[in-house]
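In the text below, chain A, chain B and the rest are named by the order of the sequence lines, each starting its count at 1. Side chains are part of it too, since the values below use all heavy atoms of this structure and drop only hydrogens, waters and symmetry mates.
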There are 2 protein chains.
Amino acid sequence: MGDVAQRAGVSRTTVSFVLNDRADAGIPDETRRRVIEAAAELGYRPNAGARALAARRSDWYGIVTEIVTAPFAVDVIKGAQDRALQQGKFLLIASSESEVATEAAGIEKLLEQRIEGLIYAATWHRAVRVPEIVREVPAVLVNCFDADGSLPAIVPDEVGGGRHATQRLLDAGHTRIGLITLDPAIPASVGRRQGYEEALVAAGVSVDPSLVVAGDATADGGYAAACELLDRADRPTAIFCGNDRMAMGAYDAIKERGLAIPRDVAVVGFDNQELIAAYLRPRLTTVALPFQEMGARGVEMLAALAAGQPIDTATVTIDCPLIERSSV
Amino acid sequence: MGDVAQRAGVSRTTVSFVLNDRADAGIPDETRRRVIEAAAELGYRPNAGARALAARRSDWYGIVTEIVTAPFAVDVIKGAQDRALQQGKFLLIASSESEVATEAAGIEKLLEQRIEGLIYAATWHRAVRVPEIVREVPAVLVNCFDADGSLPAIVPDEVGGGRHATQRLLDAGHTRIGLITLDPAIPASVGRRQGYEEALVAAGVSVDPSLVVAGDATADGGYAAACELLDRADRPTAIFCGNDRMAMGAYDAIKERGLAIPRDVAVVGFDNQELIAAYLRPRLTTVALPFQEMGARGVEMLAALAAGQPIDTATVTIDCPLIERSSV
DNA sequence: GTTGCTTACTAACGCGAGTTAGTACGAGGG
DNA sequence: CCCTCGTACTAACTCGCGTTAGTAAGCAAC
């Protein structure tokens with residue numbers, strides 16, 4: 001920076017003013033131009049660490065999540081990183097599944113970098129107990145929530161998603177719609193089922209509990225549950241699967257019986273896992289979890305928190321849109 | 001740090017010596033203990049930015065990659081991050097697919113953080129043209145290579161993987177083994193096919209070019225190619241698919257014909273995409289791309305480069321192990 | 001021709017650490 | 001009693017930058 005100043009024939013302070021675009025410091029255009037030119041010629045690149053030190057402001061947010069276990073965790077990261085870049089911030093990513101460090105140690109590392117805020121993201125929608133250390137910095141939970149609601153949280157609208165999926169089947173003329181649910185103890189299962197029932201009721205279709213079967217959240221679980229539904233005398237004409245993996249198994253069960261999708265049985269999934277949904281044959285109509293948007297909203301809330309704006313810690317829910325493909 | 005010094009009744013310098021474990025500065029155990037205690041009591045957390053500034057050493061590596069497009073990119077990150085943590089380094093991740101910034105802009109950001117090295121990772125094995133800016137810092141290519149070989153590169157051993165897959169089928173007694181290849185212009189396709197042929201030749205089985213068909217790298221492509229192979233009078237008893245998505249399509253083709261996997265037709269995939277391979281029914285035997293290990297090796301090479309150790313820029317290949325499941 | 005007001009800067013301090021050169025103290029040797 | 005020689009520290013500088021307080025030059029007004 002000193003070299004740039006010398007080359008432009010001004011002081012280091014002036015260079016700082018120009019490069020930081022401080023309008024109040026009345027620098028004439030001619031001087032400004034000289035400084036910018038000198039910086040370009042010398043290939044000057046500011047030192048982010050030194051700047052953070054002097055400005056008492058790091059321009060960094062942190063995010064902790066499992067990046068490998070769930071393939072869609074990266075979507076949260078992408079959404080958050082893009083939004084952060086728009087704000088001139090950079091996102092530091094700490095994996096919470098490392099073998100060489102605990103989750104708390106990872107957060108500790110982030111705090112040593114003096115991050116201005118932290119996003120704590122789960123790979124599947126659930127209640128979590130965040131490590132105490134999280135509370136030392138403005139924090140937002142994404143795709144999870146803590147039991148006592150003391151931290152702001154952003155979660156997918158499972159109920160709405162369940163409604164969208166069911167409505168799509170109703171719109172296609174189905175009235176006997178099977179539902180394969182996940183582990184009934186988790187929010188995804190509860191919410192999606194509630195949405196399913198709401199949509200049926202709203203359409204004046206009676207809810208038949210015998211059409212609801214539970215299964216493992218795997219392809220095998222979906223296969224088994226689908227078999228149960230399909231082997232009834234009055235088999236449903238459509239199946240809403242708790243997730244895409246189960247839909248994968250359901251496809252097998254349907255095809256095995258010589259039935260065609262969607263002609264004989266329509267299928268809707270949930271999660272929109274590209275690798276599955278886009279490659280099943282026929283391609284699977286499903287409901288997307290809004291990971292990117294949740295990440296982006298997380299950064300927005302962080303910005304508000306860091307700016308000291310009051311935030312109602314109420315949980316924010318984000319819509320889960322229906323992704324139309326060819327299985328309905 | 002000053003507070004810690006005061007509480008321990010020593011100078012700031014002494015605190016620095018203790019916390020950085022400088023053995024040369026003869027600090028007696030008693031003093032050391034007092035300092036560590038004071039730091040703990042005050043909840044002292046060093047400021048990484050300030051430390052980097054003073055020590056002229058950031059302890060950061062950077063990695064640039066597309067994190068969303070390919071689901072396994074995160075494995076490279078995980079492998080690299082774990083190894084970096086072991087070295088006391090932290091990994092800064094820049095997505096090269098952001099809408100708000102170009103790839104070069106992302107790297108620029110990393111350089112402003114004064115990273116000590118850069119990993120440039122591709123999501124599929126290929127030749128790349130790296131932006132010039134990459135050469136301003138020690139850099140290693142992962143899962144890709146540049147045309148003129150001027151940068152060290154780490155790539156998967158496609159040939160070995162093809163050999164493993166084919167050998168597994170030979171071991172199971174198959175001699176008529178179909179191969180569904182990817183776009184013949186890419187290294188993955190060339191290498192895997194070469195491995196396939198090498199294994200056959202080594203086993204004394206003659207290579208029948210008519211058993212090799214090309215297809216789109218999708219489930220539909222795999223389906224079409226598998227149909228072609230299966231509808232021959234002398235259909236193969238095993239199929240080696242260019243990747244797992246194609247295997248997914250091949251499964252459909254096989255099942256449609258009332259054939260059983262692996263009894264009538266055995267299948268081997270490539271890529272080990274968990275979401276597919278672990279959930280297909282039966283579960284798919286496939287070859288894994290060593291993403292985590294490539295990431296880890298990348299960090300190791302970076303450490304060597306940054307330490308000024310000479311490195312032959314020869315490309316390093318990493319073994320692609322066979323993952324046994326139930327389709328053979 | 002002093003005062004006062006802009007305009008266009010600069011000197012100097014501070015951020016939180018690492019590091020070098022130097023010092024005070026006590027023990028042991030002559 | 002003086003002179004080394006470790007031992008156990010400390011003062012002061014430095015890293016690269018942001019920022020505050022201050023100043024010199026030019027001009028208009030009285």
Side-chain angles (χ1 to χ4, degrees), chain A residues 1-39 42-60 88-90 108-116, chain B residues 1-39 42-60 88-90 108-116:
Chain A
M1 197 158 174
D3 295 346
V4 175
Q6 197 172 353
R7 189 180 187 98
V10 297
S11 76
R12 222 180 37 66
T13 307
T14 303
V15 174
S16 173
F17 283 165
V18 169
L19 296 185
N20 289 310
D21 246 352
R22 298 231 342 199
D24 51 324
I27 310 274
D29 286 350
E30 163 59 16
T31 308
R32 178 180 304 272
R33 195 191 53 68
R34 281 214 320 279
V35 169
I36 291 176
E37 207 164 274
L42 293 175
Y44 170 71
R45 178 153 40 221
N47 181 319
R51 158 181 276 162
L53 189 56
R56 297 158 189 76
R57 177 173 54 81
S58 67
D59 285 343
W60 292 330
K89 309 283 185 185
F90 199 79
E108 179 73 30
K109 267 277 192 189
L110 292 180
L111 291 182
E112 285 182 8
Q113 313 291 342
R114 298 298 186 269
I115 53 169
E116 296 173 5
Chain B
M1 197 158 174
D3 295 345
V4 175
Q6 198 173 350
R7 188 180 187 99
V10 298
S11 76
R12 223 179 38 65
T13 306
T14 303
V15 175
S16 174
F17 283 165
V18 170
L19 296 185
N20 289 311
D21 246 352
R22 300 235 335 204
D24 51 325
I27 310 272
D29 286 350
E30 163 60 15
T31 308
R32 179 181 303 274
R33 195 190 53 69
R34 280 215 320 280
V35 169
I36 291 176
E37 208 165 274
L42 293 175
Y44 171 70
R45 178 153 38 222
N47 181 319
R51 159 180 276 162
L53 188 56
R56 297 157 190 77
R57 176 173 55 80
S58 66
D59 284 343
W60 291 331
K89 308 283 185 184
F90 198 80
E108 179 72 31
K109 269 275 191 190
L110 292 178
L111 291 182
E112 285 182 9
Q113 313 291 342
R114 297 298 186 269
I115 52 169
E116 296 174 4

(message) Need to verify one output field. Residue with the more 5' nearest nucleotide on DNA chain D, B/G9 or B/R114?
(response) B/G9

(request) May I have the distance from B/R56 (atom CZ) to D/dC13 (atom C1'), rounded to whole angstrom? (result) 10 Å

(message) By nearest atom, which of the nucleotides C/dT19, C/dA17, C/dC15 is closest to the A/L53 side chain?
(response) C/dC15

(request) First locate atom CD of A/E37, then atom CG of A/L42, and finally report the distance between them rounded to the nearest 0.5 Å. (result) 11.0 Å

(message) Return the CZ to CG distance between B/R114 and A/N47, rounded to the nearest 0.5 Å.
(response) 4.5 Å

(message) Just the rounded figure in Å: distance from C1' of C/dA8 to CZ of A/F17.
(response) 11 Å

(request) Could you work out which one of D/dC17, D/dT10, C/dA17 sits closest to the side chain of A/M1? (result) D/dC17

(message) Please pick, from C/dG16, D/dG18, C/dA17, the nucleotide with the shortest atom-to-atom distance to any side-chain atom of A/S16.
(response) D/dG18

(request) Find the distance A/E30:CD to C/dT7:P and express it as a whole number of Å. (result) 18 Å

(request) By nearest nucleotide on DNA chain C, pick out whichever of A/R12 and A/T31 is the more 5' one. (result) A/T31

(request) Could you please name the option among C/dT19, C/dA8, C/dA12 that lies closest to any side-chain atom of A/T13? (result) C/dA12

(message) Can you measure A/I27 atom CD1 to C/dC9 atom P for me and round it to whole angstrom units?
(response) 6 Å

(request) Please state how far atom CZ in B/R45 lies from atom P in C/dA17, giving the value in whole angstrom units. (result) 11 Å

(request) Name the closest nucleotide to the B/R51 side chain, picking from D/dC17, D/dA8, C/dG18. (result) C/dG18

(request) Go through D/dC17, C/dT19, C/dT10 for me and flag the one nearest to the A/S11 side chain. (result) C/dT10

(request) Using modelled atom types only, decide if a donor and an acceptor are shared between the side chain of B/E112 and the backbone of A/A48 within a distance under 3.5 Å. (result) no

(message) Applying salt bridge (charged side-chain N to carboxylate O under 4.0 Å, His left out), can you list everything that pairs with B/R51, at least two apart in sequence or on another chain?
(response) none

(request) Considering just the side-chain nitrogens and oxygens of B/R22, establish if one lies under 4.0 Å of OP1 or OP2 belonging to C/dT19. (result) yes

(request) Using atom CG of B/N47 as one end and atom P of D/dC17 as the other, report the distance to the nearest whole Å. (result) 16 Å

(message) Restricting to non-hydrogen atoms, name the atom on B/V4 and the atom on B/V35 that form the minimum distance, rounded to 0.1 Å.
(response) CG1-O, 3.9 Å

(request) Measure from CD on B/Q6 to C1' on D/dT10 and round the result to the nearest Å. (result) 15 Å

(request) Take atom CD of A/E112 and atom C1' of C/dG16, then tell me their distance rounded to the nearest Å. (result) 13 Å

